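For reference, the structure is listed below as structure tokens.
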Amino acid sequence: MKIASWNVNSIKVRLPHVLDWLQAQQPDVLCLQELKCETSAFPWEAVERAGYHACVSGQKAYNGVALISKYPGLDPVVGLSDFVDSQQRAIAATFGAVRVLSVYCPNGESLTSDKYTYKLRWFEALWQELQRIQKDSQRIVVAGDFNIAPEDRDVYDPQAWRGEVLCSEPERATFRRLLDLGFKDSFRLFEQAPQRYSWWHYRANAFKRNMGLRIDHLLLSSALAPACRTSEIDIQPRALERPSDHAPVWLDLVGLENPGLDSVPGPASSPNS
DNA sequence: ATGTCTCCTAAGAGGAGA
């Protein structure tokens, strides 16, 4: 089961890239962020023609998230429980045995901004939500633009970014608190080449110079982590004409190809688990 | 280095957000 996430920075502008990527990569579920369009303006027909279903929570001009998938998402939920928010930043649905969340976490702007306070409040609500849904499902994927680079190795110039928004210690502590619920950063389950990033500024040829940050993540609940065989960043679409500033990230889970399957293989050392 | 991109409003640039 292949699950991916991509901040597309306008689905209207990036639709050709998304359709090409779906065709080439064939993910079972693609989580989208920053649609920047109302739900009614989502390209439903094009996505359907590509063979995909969609759960969409759009908004005019800013934000907006979606789950597009080869089979319909069940029990869709928009937003975070007990957190009143006019900004459309979260949507969840169930695919086979897996609950998938597509999240567009707030950017924060700067440490002295009201948006930074909102960012930390939003993450507190996400933590509460994940703690809550862990009671209903042991198999959870949290996919999206977290707007947090978890460690210095996720930043091209850690000295320059020290303490800045996306890298500040309160934000990193917030990210670690999500992991403390039992979630794994799937990218770090595997040995990775150095300097792998998911976002590069549009300015100053940042992509060509690989001046990037790894801020897009695929978190796996502890029950799902043993099923993960691959977690990658596909930087190819970032090199296209009119790219999003983010690259798609994706992972592969084994033993979950059949959406109805309810067993997950354990580690190789415990064949009977 | 105020660099680039996308959206909005509103009638032509300018601001918000990232």
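All of these numbers come straight from a predicted model, not from anything done at the bench. A note on names: the letters A, B, ... follow the listed sequences, proteins ahead of strands, and every chain is numbered from 1.
For the side-chain contact (heavy atoms from CB on, under 4.5 Å) with A/Leu166, the lone residue among A/Asp154, A/Asn147, A/Val155 that qualifies is A/Asn147.
B/dA1 and B/dA13 are spaced 30 Å apart, taking the P atom of each and rounding to whole Å. One C1' atom belongs to B/dT2, the other to B/dG17, and the distance between them is 14 Å to the nearest Å. Between the C1' atoms of B/dC8 and B/dG12, the separation comes to 14 Å (whole Å). Taking atom C1' on both nucleotides, B/dA10 is separated from B/dG15 by 13 Å, rounded to a whole Å.
Between A/Ile11 and A/Gly108, the residue anchored nearer the 5' end of DNA chain B, judged by the nucleotide with its closest heavy atom, is A/Ile11. Nearest-nucleotide assignment on DNA chain B puts the 5′-proximal partner with A/Asn9, out of A/Gln87 and A/Asn9.
Taking only side-chain nitrogens and oxygens, A/Ser10 never comes nearer than 4.0 Å to OP1 or OP2 of B/dC5. A/Lys60 has a side-chain polar atom (N or O) that falls below the 4.0 Å cut-off from OP1 or OP2 of B/dT9. Between A/Arg242 and B/dT6, a side-chain N or O to OP1/OP2 separation shorter than 4.0 Å is present.
The nearest whole Å value for the distance from the CG atom in A/Leu35 to the P atom in B/dG17 is 18 Å. One can place CG of A/Asp245 at 16 Å from P of B/dG17, the figure rounded to the nearest angstrom. A/His246 places its NE2 atom 16 Å from the P atom of B/dG17, with the value rounded to the nearest Å. The nearest whole Å value for the distance from the CZ atom in A/Arg209 to the C1' atom in B/dT4 is 14 Å. Separating the CD atom of A/Glu164 from the P atom of B/dA18 is a distance of 16 Å, rounded to the nearest angstrom. As a whole-Å value, the separation of A/Arg203 CZ from B/dT6 C1' is 14 Å. Protein atom OH of A/Tyr62 is 6 Å distant from nucleotide atom C1' of B/dC8, rounded to whole Å. As rounded to whole Å, 15 Å separates atom P of B/dG15 from atom NZ of A/Lys115.
Using a 4.0 Å cut-off between a side-chain N of Lys or Arg and a carboxylate O of Asp or Glu, A/Glu129 and A/Arg132 qualify as a salt bridge.
When each of B/dA18, B/dG3, B/dC5 is scored by its nearest atom to the side-chain atoms of A/Glu34, the top-ranked nucleotide is B/dA18.
Using modelled atom types, no side-chain atom of A/Arg89 and backbone atom of A/Asn63 make a donor-acceptor pair closer than 3.5 Å. Formation of a donor-acceptor pair under 3.5 Å by the A/His217 side chain with backbone atoms of A/Val249 is not found in this model.
Contacts of A/Phe207 with the nucleic acid, taken as non-hydrogen atoms under 4.0 Å apart, are absent.
The line from CZ of A/Phe146 to CZ of A/Phe175 is 6.0 Å long, rounded to the nearest 0.5 Å.
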